[in-house]
Amino acid sequence: MAFTMPRRAALVLPFFAPAIAPAQAQEPLRLSVFPSGSNWPVWVAQEKGFLERRGVAIAVTPTPSSAAQFTALMTGQVDIASTAIDNVIAYVEGQGEAPGAAANPPDIIAVAGINNGFLRLVTAPDVRSFADLRGRELSVDALTTGFAFVLRRLLERGGLAEGEARLVRVGGTTQRMEALFAGRQAGTLLTVPLDAVAARRGFNVLADPSDMLGAYQGLTFALRRDRAAADRPRLVGFLRAYLDALEWLYAPANRAEAVAIMGRNLAEVTPDLAEASYDAMLHPRSGFPRRADLDMAGIATALSLRAAYGPQGRALSAPERYVDLRYLAEAQSGSRAG
């Protein structure tokens, strides 16, 4: 059975607050996401009315790949992207895979942290060790951005030399999962809770990158620097609604409703898998960062991976070059869930 997203996840979903005139009059912020459980706080912000209370409207659209996402970001088709910090670094440094990105690097900044990746290396039923991956193919979103370098480090730590396993460009999480289920590749990185969906089908969760990498900044909210400055009030309002959603998610009394929200937005995630996802994704140490802070040590890890496996000959900058913490700080100063 092919992995499919529920119909509502593929639609543009504007939310307007009838009691707040500014939200009625404005266009929605356009948010590009990879379909995954990492969008849980966004779903909560939508369903619990936190966006309306902050006077913000959003429209959420899924992206098939990071190249498509950054093309949309660079051309103004979307306002904000939920994307890997390595994508931000790559495009700022002129190393992105989207057409035209190398010749005209965009000035993209990460403004908030979403997670540490929530990544798991998931492999075919016959692959039970790294040695079993010799001579096999694994899928990635893009060959030189995103989590491709995480996968290369895992293979190296697992004892495979460069080239003993081949990486192929397939696309985002949905596309990679479908390819894995169809047997086109022997492994890929999947995010929680989709790793559990795969495990239930007999696939193996071979490794947790956090055990091998230590601190790692995964997904972030990122946008063009000029767009952030020009639309500061709405950006801060969105971040405040997101913080409200995190606070709500971490409240134990909301667990059952939170699990139901997960199930409504990821059709393949059964109630028991959603329950297990709650424990993993809202873990006090390794879950969603409760205040959406960016992990500077985790960004340094992403930079070290890019320095090791990315294009050579260009020195990378310090983590601070790729972030702007002012918008989150302003949001944190006025965030309180209702």
Side-chain angles (χ1 to χ4, degrees), residues 6 8-9 11-17 19-20 23 28-62 79-83 110-118 191-193 217-223 233-266 269 274-275 277-295 327-338:
R8 74 180 293 248
L11 299 175
V12 173
L13 302 171
F15 287 79
F16 297 96
I20 304 176
L29 283 172
R30 297 161 298 175
L31 174 63
S32 171
V33 303
F34 289 91
S36 76
S38 295
N39 301 313
W40 205 353
V42 174
W43 301 329
V44 168
Q46 291 175 321
E47 295 199 21
K48 297 302 295 181
F50 297 135
L51 290 156
E52 294 94 326
R53 295 181 199 181
R54 295 298 183 180
V56 180
I58 69 170
V60 180
T61 55
D79 302 307
I80 308 174
S82 170
T83 197
V111 297
I114 297 176
N115 59 37
N116 65 1
F118 289 150
T191 54
V192 178
Q217 177 65 61
L219 293 183
T220 67
F221 286 121
L223 70 167
R234 285 202 300 165
L235 173 58
V236 171
F238 166 73
L239 293 175
R240 283 177 173 161
Y242 185 81
L243 291 169
D244 292 342
L246 285 172
E247 185 175 346
W248 184 91
L249 272 171
Y250 270 102
N254 298 327
R255 178 175 181 133
E257 188 177 357
V259 166
I261 289 173
M262 167 76 81
R264 285 196 291 273
N265 286 275
L266 284 179
V269 178
E275 281 281 352
S277 300
Y278 187 98
D279 292 328
M281 302 179 81
L282 295 165
H283 190 277
R285 290 189 304 276
S286 58
F288 289 107
R290 297 187 71 143
R291 300 292 285 166
D293 290 308
L294 287 155
D295 182 349
Y327 303 99
L328 180 62
E330 184 175 345
Q332 289 173 335
S333 70
S335 177
R336 178 60 57 181

Worksheet, complete the sentence: In terms of heavy-atom contacts, V269 and P193 come closest through CG2-CG, 3.7 Å
Worksheet item: What do the steps show when you test W43 against M262 for side chain to side chain contact (heavy atoms under 4.5 Å, CB included), and what is the final call?
Response: CA-CA 8 Å; W43 301 329; M262 167 76 81; 3.9 Å; yes
Item to complete: Drop me the distance from E47's CD to R264's CZ, to the nearest 0.5 angstrom.
Response: 4.5 Å
Practice prompt. Locate the shortest heavy-atom distance separating A45 from A245; write the atom from each residue and the value.
Written response: N-CB, 3.8 Å
Fill in: salt bridge (charged side-chain N to carboxylate O under 4.0 Å, His left out) contacts touching residues 32-43 (sequence neighbours left out)
none
Discussion item. What's the separation between atom OG in S36 and atom CG in N265, rounded to the nearest 0.5 Å?
Written reply: 11.0 Å
Item to complete: For residues R255 and D279, report the shortest heavy-atom separation together with the two atoms involved.
Response: NH1-OD1, 2.9 Å
Worksheet entry | Electrostatic pair D244:R54 at N-O distance under 4.0 angstrom | yes
Discussion item. Using the rule given for side chain to side chain donor-acceptor pair (under 3.5 Å), can you reason through Q332 versus D293, listing the C-alpha separation, both sets of side-chain angles and the distance that settles it, and then say yes or no?
Written reply: CA-CA 10 Å; Q332 289 173 335; D293 290 308; 3.0 Å; yes
Discussion item. F34: which residues meet the ring pair (Phe, Tyr, Trp, His ring centres under 6.0 Å) condition with it, sequence neighbours left out?
Written reply: none
Worksheet entry | For L266 against G37, the heavy-atom pair lying closest together | CD1-N, 3.6 Å
Practice prompt. Decide if the gap between the ring center of F288 and the ring center of F118 is smaller than 6.0 angstrom.
Written response: yes
